[in-house]
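Have a look at the structure below, then the notes.
Both ligands and their constituent atoms are indexed starting at 1 by order of listing. In this text the structure is predicted, and so the values were computed from the model without any measurement. Throughout, numbering of the chain's residues begins at 1 and tracks the sequence.
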Amino acid sequence: MHKKQRIRVAAACSVLALLCIALVWVLPAGASSSENAFKPDQFIDPETCGGCHDEILAQWQGSMHNLSHKDPVYTRVAKFFRQGLTDAGQIEEAESCVKCHTPVGYVTGFPQKLSDDLSQIQKIPAQGIQCDYCHVAVDVTRMYNNGLVLSPGQGEDNPGVKHGPFDDAEPDFHDAAFSQLHTDSKICGTCHNVKHMAFGTDLETTYTEWENSPYNSPVPEKHVPCQGCHMYQRPGVPATGSTLRPDNPGSAAAGAKQRPHIFTHNLVGANSGVPEMFSAKDKSDMAVERLRHAADIFLIMIDNHTARVVVTNTGAGHSLPTGVGDLRQVWVEVTLTDSDGNAVFQTGVPDKNNELPENTVMFKTIFGDGLGNPVINMAKAKEILSDTRIPAGKSAVRLFNLRTTPQKGHTLTARLLYRSMPQKILNQVPGPRLGPLPVIEMAAAHKTF
Ligand code: HEC
Ligand code: HEC
Ligand code: HEC
Ligand code: HEC
Ligand code: HEC
C-alpha cells in the first residue's frame with residue numbers, strides 16, 4: 001500500500017469509528033434488538049391503576065417491589081460495592097443493578113447504570129417494580145437477570161392490553177388478556193435468579209431452589225408456585241408451607257364481579273426493616289408473621305454438656321434464607337441461664353457494635369474471589385465457597401458444646417434469629433449510620449433441668 005492510500009484508508013476508518021461512537025452515543029444502551037427499549041410516557045403511573053384497583057394499590061404501596069429503587073439499604077450498599085473497582089468484569093456487574101431494581105427506568109433509557117445520577121430519575125420509574133411493568137410482560141427469554149419481554153401500551157390515552165389470571169375480564173379502561181406466564185413461577189424467577197454479568201457466578205438462586213423443591217410438584221393439587229404463598233398473604237394470613245393458604249375472595253376492581261380468589265400484592269418476604277423506614281408498618285408486620293411461620297427448632301442434650309439443635313425449613317418454598325444469601329443472616333443463639341436468669345453460657349449474641357461473633361452458627365452462602373478467599377462484594381464473586389442454607393423441607397443439625405454441665409434449675413434456650421444484613425457491612429458504608437436492622441425471632445426451643 002502506498003503511503004497516500006494508507007492515509008486515506010486510515011482517514012476512512014476514523015470517520016467510521018467516529019460514526020460508530022456517535023451512534024452508540026445517540027442510542028440508549030437498552031436499544032439493542034435483544035433488550036426492550038420504550039418511551040417513558042408509554043408507562044402508566046400506579047396511582048392511575050389504583051383509581052379502580054384501590055385494594056391492590058394499597059397492598060403494593062410500601063412493598064419491597066414498590067421500594068426496590070428507593071430502598072436505602074440497596075442503594076447505599078450498591079454504591080459502596082461499586083467504589084474503587086478497576087476490573088472490567090467487576091464494574092460490569094456492579095453497574096447492572098438497575099436492570100431489576102429500577103426496571104421501568106432501565107427499559108426507557110434512564111438510568112442505564114448504577115453510577116448514573118439517580119437523583120435525576122422521573123416519578124414513574126422511581127416507583128420500582130410496578131403494575132404497568134409486570135402486567136405488560138408477555139414472555140421470558142432467560143430464567144435469570146430479568147429476561148422479561150414487554151409489550152406496553154401508549155400511556156393513559158391508549159393503555160393497551162394488561163395481562164393477568166382471568167380469561168373473562170372486560171374492563172373499559174384497558175384491554176385484558178389471560179396470561180399463563182402470570183400464573184407461573186417463571187414471571188418471578190427471571191428476576192429472582194441473579195447471575196454475575198461477567199463471571200456467571202450464581203448470586204441469587206431463589207427460582208432454581210424452588211424448582212428443585214417439593215413445591216414444584218407435577219401433581220397439580222400439590223404444585224405451589226411463588227404466587228401460591230406470596231400472593232395469598234395478608235394480615236393474619238402468613239400463607240407459608242407450614243400454614244393454611246386460604247383463598248381471598250373479593251373483586252379485583254371497584255364494582256367488578258366477585259371472584260373466589262384475588263391475588264394479594266403485598267409480596268412480603270423477610271424484610272421488615274426497610275418497609276418500616278417508609279412507614280409501611282403493615283408490610284413489616286407481615287414480614288415478621290411470615291418469618292415466624294418459616295421454620296421449626298428442636299433441642300436435646302446428647303451428653304452432659306452437648307446440646308443438639310435441629311432446624312427445619314417447614315415454611316419456605318426455597319432455601320432458608322434465600323435471595324441475597326450471602327447477606328441475609330439466619331443464625332442460632334444458644335443460652336444457658338441459672339435459676340436467677342444469669343447467663344452461664346451464650347453463643348450467637350451480637351456485640352456492642354451489633355456485630356455477630358465469628359463462630360456464630362449461621363446458614364448462609366459465602367462467595368470467593370476465584371482463589372479461595374472470601375469476598376463480601378458480589379461484584380467480586382467468582383465462586384461459591386460454601387452454602388449452608390437449608391433447602392425447602394430439609395433440616396440442619398448442629399452441636400453446641402456448653403462447656404459446663406447444666407444443673408437443676410438451669411434453663412437452656414435455642415433461638416433461630418433473622419436479620420436482613422450484617423451490621424459489619426453496614427458499618428463500612430460511608431455516610432450516615434445504617435441500622436441497626438431489626439432482629440426477628442423465627443422460632444425458639446427451651447429445656448429446663
Ligand atoms: C411483581 C409483578 C407484579 C406487580 C408489580 C403487580 N402485579 Fe398484579 N399480578 C401479578 C401476578 C403474577 C398476578 C396473577 C397471579 C396468579 O394468577 O397466580 C397478578 C394479578 C393481578 C390482577 C388480577 C386480580 C388479582 O389480584 O388476582 C390485577 C387486577 C392486578 N394484578 C393489578 C395490579 C395492579 C393495579 C398493580 C399495581 C398497584 C399490580 N397488579 C402490580 C404480578 C404483579
Ligand atoms: C377505569 C378502571 C380501571 C383502571 C384505571 C385500571 N383497570 Fe385494570 N381492570 C379493571 C376492571 C374492571 C378489570 C376486570 C376485573 C374483573 O373482571 O374481575 C380489570 C382487570 C385488570 C387485570 C386482569 C386482567 C386479566 O385478564 O386477568 C389486570 C392485570 C389489570 N386490570 C391491570 C391494570 C393496570 C396495570 C392498570 C394501570 C395501568 C389498570 N389495570 C387500570 C378496571 C381498571
Ligand atoms: C411454600 C411457600 C413459599 C413458596 C412456594 C415460595 N416462598 Fe418465598 N418465602 C416463603 C417464606 C416462609 C419466606 C420467609 C423465610 C425466608 O426468608 O426464606 C419466604 C421468603 C422469600 C423471600 C425473602 C428471602 C430473604 O430472606 O431475603 C423472597 C425474595 C422470596 N421468598 C421469593 C420467592 C420466590 C421468587 C418464589 C418462587 C420461585 C417463592 N418465594 C416461593 C414461602 C414461600
Ligand atoms: C422485575 C424484576 C422482578 C420481578 C418480575 C419480581 N420481583 Fe420480586 N423483587 C425484585 C427485587 C429487585 C426485589 C428486592 C427489592 C429490595 O430489596 O430492594 C424483590 C423483592 C421481593 C420480595 C421481598 C423480599 C424481602 O426480602 O422481603 C418478595 C417476597 C418477592 N420479590 C417475590 C416475588 C414474586 C412472588 C414475584 C412473582 C409474582 C416477583 N417477586 C417478581 C425483583 C422482581
Ligand atoms: C436479576 C435481578 C437483580 C439484579 C440485576 C440485582 N438485584 Fe439486588 N435483588 C434482587 C432481588 C430479587 C432481591 C430480593 C432478594 C431477597 O430479598 O433476598 C434483591 C435484593 C437486594 C439487596 C437487599 C436489599 C435489602 O433491603 O435488604 C441488596 C443489597 C441488593 N439486592 C443489591 C444489589 C446490587 C448491589 C446489585 C448490582 C450489583 C443488584 N442487587 C442487582 C434482584 C436483583
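- The shortest separation from a heavy atom of C191 to ligand 3 is not under 4.0 Å, leaving the residue out of contact.
- Short contacts between ligand 2 and G164, defined as distances under 4.0 Å to a heavy atom of the residue, involve ligand atoms 25 (C), 27 (O).
- Residue A169 approaches ligand 2 through these ligand atoms, each under 4.0 Å from one of its heavy atoms: 14 (C), 17 (O), 26 (O).
- If you check each of E156, H174, H163, K162 against atom 40 (N) of ligand 2, the one with the closest non-hydrogen atom is H174.
- Considering each of A287, A294, A270, the one bringing a non-hydrogen atom nearest atom 23 (C) of ligand 3 is A270.
- For atom 9 (N) of ligand 1, the choice among H135, R259, Q227, Q130 with the nearest heavy atom turns out to be H135.
- Using 4.0 Å as the threshold, G317 has a heavy atom nearer than that to some atom of ligand 3.
- Within the 4.0 Å heavy-atom shell around ligand 2 one finds A177.
- In terms of protein heavy atoms, atom 12 (C) of ligand 1 is closest to H182 O, 3.1 Å.
- Scanning the protein for heavy atoms near atom 29 (C) of ligand 1, the closest one is H53 CE1, 3.4 Å.
- Listed by atom number, the atoms of ligand 1 under 4.0 Å from I129 heavy atoms are 5 (C).
- In this structure, the protein non-hydrogen atom closest to atom 11 (C) of ligand 1 is M231 CE, 3.8 Å.
- Among the atoms of F263, some N or O lies under 3.5 angstrom from an N or O of ligand 1.
- Between E333 and R415 there is a salt bridge, with a side-chain nitrogen of the basic residue lying less than 4.0 Å from a carboxylate oxygen of the acidic one.
- Of all atoms in ligand 1, listed by their number and element, those nearer than 4.0 Å to a heavy atom of H65 are 1 (C).
- With ligand atoms numbered from 1 in the order given, ligand 2 contributes 9 (N), 10 (C), 11 (C), 12 (C), 13 (C), 19 (C), 42 (C) to contacts under 4.0 Å with heavy atoms of P171.
- The shortest N/O to N/O separation between S185 and ligand 3 does not fall below 3.5 Å.
- Atom 4 (C) of ligand 1 has as its closest protein heavy atom C134 SG, 3.3 Å.
- No side-chain heavy atom of L267 sits less than 4.5 Å from a side-chain heavy atom of W60.
- Across the listed options A252, C226, C131, C131 owns the non-hydrogen atom lying nearest to atom 36 (C) of ligand 1.
- Those atoms of ligand 2 with a heavy atom of A176 less than 4.0 angstrom away are 24 (C), 26 (O).
- With a heavy-atom cut-off of 4.0 Å, P46 does not touch ligand 2 at all.
- Heavy-atom contacts of C52 reach the following atoms of ligand 2: 1 (C), 2 (C), 3 (C), 4 (C), 5 (C), 42 (C), 43 (C) (cutoff under 4.0 Å).
- Contact between F166 and ligand 1 is present, with at least one heavy atom of the residue lying under 4.0 Å from the ligand.
- Atom CD of E55 is surrounded by 12 or fewer heavy atoms from other residues, nucleotides or ligands within 6.0 Å.
- Of the candidates L327, L320, T205, I440, L320 brings a heavy atom nearest to atom 15 (C) of ligand 3.
- Residue-to-ligand polar distances place Y418 within reach of ligand 3: an N/O pair is separated by less than 3.5 Å.
- Looking at V224, L267, T322, T240, it is T322 that brings a heavy atom closest to atom 28 (C) of ligand 3.
- Residue C229 does not count as close to atom 8 (Fe) of ligand 3, with no N, O or S atom under 2.8 Å.
- Within ligand 2, counting atoms from 1 as listed, the ones closer than 4.0 Å to a heavy atom of A253 are 10 (C), 11 (C), 12 (C).
- The shell of residues lying under 4.0 angstrom from ligand 2, judged by heavy atoms, includes P165.
- H182 and H163 have parallel rings, their planes meeting at less than 30° on a 0 to 90° scale where 60° marks the start of perpendicular.
- When heavy-atom distances to ligand 1 are checked against a 4.0 Å cut-off, H265 comes that close only through its side chain, counted from C-beta outward.
- Considering backbone and side-chain N/O of R328, one or more are found under 3.5 Å from N/O of ligand 3.
- At a heavy-atom distance under 4.0 Å, only backbone atoms of T48 (N, CA, C or O) approach ligand 2.
- Nearest-heavy-atom check against atom 33 (C) of ligand 3 across R290, H192, H230, R245 picks out H230.
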